[in-house]
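These notes are about the structure you will find just below.
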Amino acid sequence: MDEFEIIRRYFERESSDEDVRISIGDDGAVLRPSPDRDLISVVDTLVSGIHFPQTLAAADVGYRAVVVNLSDVAAMGARPRWMTLALTLENADPAWLEDFARGLFEAADEHGMALVGGDTTRGSETVISVQIIADVDPGKAMTRAGARAGDAIYVTGTVGDAAAGLSILQSGLPKSGDVDFLVQRFTRPAARVQTGAAISEFAHAAIDLSDGLYSDLEKLLVASGVAGSLELDDIPLSPHILRLMNDDDALRFALSGGDDYELCFTADVTEEQIREVSQRVGVAITRIGEVEQGSALRCLRHGETYEYQDPGYRHFH
Ligand code: ADP
Ligand code: MG
């Protein structure tokens, strides 16, 4: 199967999006942005064996390749519009491509995004690069840089599940409802796009959690030029992770595990406002700390300072 056959068979699809003037098939895609909107461009690359295990199902690879990018779009409070796909393959396995495309379009369809172009090449390993073009009201994009001393720090959903799920995938723990839940949090992460747009009304700064809560929150604080305290007792851990391991292990996955794709943000609003947004988008939002003056992230546990050493490396990043 040659490159053109692959593109035609697996990636060319009808789209009802009238703002896609020219799609797959020409030298470039022609897209018509909405007038008076800022455009946001994000790209993320997944390398087989580094960002996902080589044994991961092709549909999950396709799904995750889109979601990791959608998560960046969510963290900017933006609306995803179009995507392109650069694909490097060792060989053109039709069964793999079919499943990969199904997973990819599943994630794209959940957010009404059309695939408008890409590149397909042969190489010595599987590398998947997805780029998304998103838009947002002028000047309204959330960034990492706006946190202010006195803000509360919030996180969406639960953290640590995906890293625990990946570790289970690799160690092959016997199946159970809790195990399935954690594994699915790795294979099928949710991009908090709606939540990102909702909190962008009031959040001062935001970041999505791809490397782990500790290091991602640290990046936000550094970008904002502030310090913060993290209440480890308040970090939302799922009942599933807590049934499979002790609190300390669950906490380690939450702080340094990564791959959660939840949002962490800072804001200065009432509890009532947070509750209202959380109910509206159907996603839990938990207060986990406070922004302070200075330049460090300290952790507190049971009311005392907790010396946390971030490992500073990632198995799958
Ligand atoms: P060129 O040689 O001009 O770079 P290509 O032959 O690489 O063009 O691609 C032909 C068309 O197919 C282009 O419109 C390109 O955007 C699209 N395309 C190539 N690979 C993919 C892919 N993996 N997914 C979606 N579109 C693709
Ligand atoms: Mg060309």
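Bear in mind the structure is a predicted one, so any value in this text is a computation, not a measurement. Just so you know, ligand 1 is whichever comes first in the structure, and atom 1 is the first atom listed for that ligand. These numbers come from the heavy atoms of this one structure, side chains and all, not from hydrogens, waters or symmetry mates. For this chain, numbers begin at 1 and follow the sequence in order.
Annotation for ligand 1: atoms under 4.0 Å from non-hydrogen atoms of Ile7 are 12 (O), 18 (N), 19 (C), 20 (N), 21 (C). If you number the atoms of ligand 1 from 1 as listed, the ones under 4.0 Å from a heavy atom of Asp27 come out as 3 (O). Each of the following atoms of ligand 1 lies closer than 4.0 Å to a heavy atom of Phe4: 6 (O).
Listed by chain and number, the residues in a ring-ring contact (aromatic ring centres under 6.0 Å, His included) with Phe11 amount to none (sequence neighbours excluded).
Each of Arg32, Arg37, Arg81 was scored for a salt bridge (Lys or Arg N to Asp or Glu O under 4.0 Å) with Asp19, with one residue passing: Arg81.
In terms of polar-atom proximity, Ser23 is not counted as a contact of ligand 1, lacking any N or O under 3.5 Å from an N or O of the ligand.
Side-chain contact of Ser229 with Glu290: a donor-acceptor pair under 3.5 Å is absent, judged by distance alone.
Only the backbone of Asp26 comes within 4.0 Å of ligand 1, judged by heavy-atom distances. The proximity of Thr120 to ligand 1, defined as any non-hydrogen pair under 4.0 Å, involves the side chain as well as the backbone.
More than 12 heavy atoms of other residues, nucleotides or ligands shown are found within 6.0 angstrom of CG on Asp2. Residue-environment remark: CD (Glu292) exceeds the threshold of 12 foreign heavy atoms within 6.0 Å.
One option in Gly118, Gly25, Gly117, Ala86 has a heavy atom closer to atom 19 (C) of ligand 1 than any other, and that option is Gly118.
Tyr10 does not count as a contact of ligand 1, since none of its heavy atoms falls under 4.0 Å from the ligand. Under the 4.0 angstrom criterion for non-hydrogen atoms, Glu3 is in contact with ligand 1.
Using a cutoff of 4.0 Å between basic side-chain nitrogens and carboxylate oxygens, Asp248 and Arg301 are scored as salt-bridged.
Classified by interplanar angle (parallel below 30°, tilted 30° to 60°, perpendicular above 60°), the ring pair Tyr214/Tyr308 is tilted.
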